[in-house]
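Whatever order the structure lists ligands and atoms in, that order sets their numbers, starting from 1. Please read all numbers here as calculations on a predicted model, not as lab measurements.
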Amino acid sequence: MLKNLPLNVALVLALVIGLLVPAGLSGWHQLNSHRDVMTRELNKFHEQTAETLAIGIRDPMWHFLPEWGAEFVSSIMLDERIVEVFAEDTANDFVFLHKKIPQRIANGLVLTIQKPVIFENNPIGMVRVAITTHQLETALKEEQTRLVFVVILQLGVGLLILLPLMYFKVLNPIQLLICQSQKLAQKQLEQPFVWNRTDELGTLGKSFESTRQALATLFQENEQKAQELGDALEELKGAQKQLVESEKMASLGGLVAGVAHEIKTPVGNAFTAVTTLREKTKEITELFEQNKIKRSDFKEFLQDTDEGAKMAQTNIEQAAELIKNFKQVAVDQTSEAKRRFNLKTYLEEEVILSVKPQLKHTPQVSLEVLCKEDIELESYPGAFLQIITNFVSNSLMHAFSEGQVGHIVIEAYVKNNTAILVYRDNGRGMPPEVLEKIFEPFFTTNRMGGGTGLGMHIIYNLVHQKLGGKIECKSEVGKGVEFVVSIKLPV
Ligand SMILES: Nc1ncnc2c1ncn2[C@@H]1O[C@H](COP(=O)(O)OP(=O)(O)O)[C@@H](O)[C@H]1O
Ligand SMILES: [Mg+2]
């Protein structure tokens with residue numbers, strides 16, 4: 001509770017308690033000692049009065065003259081504290097004098113003293129004096145009122161001095177400090193904080209000003225640095241773009257060189273075949289013109305022509321296949337528009353339908369599509385078809401040996417907001433050195449059988465560039481292959 005007390009309330013409370021407690025205690029002590037002194041004085045007066053009376057009444061009592069005594073008693077009774085005077089002639093058992101003023105008792109207590117009256121060493125009577133403490137009480141009460149008044153005055157003057165002092169010296173500057181620290185927190189650093197005072201709070205305020213300056217400089221520097229960083233980033237992006245471009249150019253160059261190299265062999269072979277064919281034709285023409293042609297020569301010629309033409313045809317076909325595949329490498333050539341489609345339906349209907357002709361000649365190979373859930377994609381279905389067609393033709397070309405019972409599985413599901421397409425066959429698989437290179441253009445293990453080495457490269461480009469996904473391949477010799485294509489779905 002004390003923690004949550006506002007500063008001004010706490011200070012006023014401290015002042016009030018700090019003034020009231022000592023003033024109250026000292027007042028109480030002062031009042032007590034005053035009461036002691038006054039009581040002692042009153043007792044002394046009482047004693048003396050009784051003594052004076054005992055002595056003063058002695059002669060009138062001895063001579064039995066009450067009127068003498070009455071005068072004396074009247075003079076004693078002038079003092080307002082005396083309430084009653086009583087004198088008795090004990091020898092004759094006779095009330096010698098008695099005077100009483102009861103209204104003098106008022107609010108006080110009544111104290112009584114009795115003394116013997118001695119004449120020539122013989123007691124002849126006694127006197128009694130009663131006094132009231134009324135005056136003493138009144139005096140003490142006045143004293144008390146005065147003390148209370150002094151304490152209140154002290155408190156008032158103290159507060160009157162302290163409150164403005166506290167306001168100007170503490171509360172107001174603290175308010176200002178709070179305001180300035182809020183400005184610092186809100187990064188309002190333009191206006192300087194002006195502090196003219198030299199006390200502790202002034203020092204604190206000035207250190208706020210130093211903080212403001214330091215922060216302003218820091219922010220300025222930061223802004224400058226951010227600007228520089230932004231520029232650097234921009235430059236870096238430019239450099240990266242350039243790098244990507246030159247990398248593209250390099251890979252294009254490599255590709256072109258590869259194509260030239262790949263095409264050189266079949267074209268060269270075809271050329272050789274055609275050249276040989278022409279030479280043979282020339283030979284037979286000469287024989288024909290000289291009329292030397294024999295039946296066996298012509299038969300041989302026909303055989304050579306057939307072989308040469310066949311060889312030229314195979315090689316030209318291979319070159320044509322290369323060019324066809326090579327055209328696919330440039331993925332962007334397929335001008336299909338992006339559209340929304342259901343992957344499950346697409347795989348189960350269109351893909352199976354398109355792949356069927358490929359499988360027609362291999363009835364021992366079966367294909368299965370496993371897709372439990374509906375997967376909605378905003379993408380290029382044609383690219384999926386192209387990818388799967390290439391996978392299937394690779395399985396048919398590389399995976400299964402003659403007559404082997406093959407099984408191909410295409411699976412699709414969604415995991416961690418990613419669409420995953422898995423292609424699996426149970427063929428011969430591949431060794432690590434093949435696995436390592438399968439995505440490289442022109443890498444093939446079946447050049448003799450007409451492989452171009454572009455199928456996997458096309459798949460890679462389609463997945464990465466067209467679909468914005470990733471492709472992974474797992475395979476071991478004898479354990480088939482597994483390709484995993486993953487495409488992040490929009491959140
Ligand atoms: N399903 C598969 N099983 C075994 N090997 C495969 C399979 N798919 C691809 N390969 C290997 O990857 C190589 C590259 O494939 P690809 O780029 O399509 O070229 P190509 O089919 O013209 O040989 C193939 O030559 C083959 O060695
Ligand atoms: Mg292939």
Quick check: does Thr452 have an N/O/S atom under 2.8 Å of the Mg ion (ligand 2)? no
Hey, is Val481 touching ligand 1 through its side chain, its backbone, both or neither, going by heavy atoms under 4.0 Å? side chain
So, His457 versus Glu440: side-chain donor-acceptor pair below 3.5 Å or not? no
Flag the pair Gln144 / Leu140 as yes when at least one side-chain heavy-atom distance between them is below 4.5 Å, and no otherwise. no
Atoms in ligand 1 flagged as close to Gly455, the criterion being non-hydrogen separation under 4.0 Å: 16 (P), 17 (O), 18 (O)
Pick, from His398, Met430, Arg428, the option with the minimum heavy-atom distance to atom 21 (O) of ligand 1. His398
Please state whether Gly427 comes within less than 4.0 angstrom of ligand 1, counting heavy atoms only. no
If only atom types and distance count, is the side chain of Asn315 paired as donor or acceptor with the main-chain N or O of Met311 below 3.5 Å? yes
For atom 14 (C) of ligand 1, what's the nearest protein heavy-atom neighbour? Residue, atom name and distance, please. Phe443 O, 3.3 Å
Could you list which atoms of ligand 1 come closer than 4.0 Å to a heavy atom of Val434? 27 (O)
Please find out if less than 6.0 Å separates the ring center of Phe384 from that of Tyr346. no
Of the listed options (Thr444, Ile438, Asn390, Thr452), which comes nearest to atom 12 (O) of ligand 1 when hydrogens are ignored and any heavy atom counts? Ile438
N/O donor-acceptor pair under 3.5 Å between Asn417 side chain and Leu489 backbone: yes
Would you find a donor on one side and an acceptor on the other, under 3.5 Å apart, between the side chain of Thr418 and the backbone of Asn416? yes
To check your reading of the model: name the closest protein heavy atom to atom 9 (C) of ligand 1, its residue, and the distance in Å. Asn394 ND2, 3.5 Å
Between Lys292 and Glu286 (salt bridge meaning N to carboxylate O under 4.0 Å), is one present in this structure? no
Nitrogen or oxygen of Met456 less than 3.5 angstrom from that of ligand 1: yes
Quick test: of every protein heavy atom, which one is nearest to atom 19 (O) of ligand 1, and how far off is it to 0.1 Å? Gly453 CA, 3.2 Å
Where ligand 1 meets Gly451 - atom numbers and elements under 4.0 angstrom, heavy-atom basis: 22 (O)
Is the backbone N or O of Gly429 less than 3.5 Å from a side-chain atom of Ser475, with the two atoms forming a donor-acceptor pair by type? no
Here the atoms of ligand 1 under 4.0 Å from any heavy atom belonging to Gly429 are 4 (C)
Report the nearest protein non-hydrogen atom to atom 25 (O) of ligand 1: residue, atom name, distance rounded to 0.1 Å. Thr445 N, 2.9 Å
Do Lys280 and Phe301 meet the cation-pi criteria used here (NZ or CZ under 6.0 Å from the six-membered ring centre, within 45° of the axis)? no
If you scan protein heavy atoms around atom 1 (N) of ligand 1, the nearest is Asp425 OD2, 2.9 Å
Donor-acceptor pair, side chain of Arg424 and main chain of Glu482, under 3.5 angstrom: no
Should Ser393 be listed as contacting ligand 1, given a heavy-atom distance under 4.0 Å as the test? no
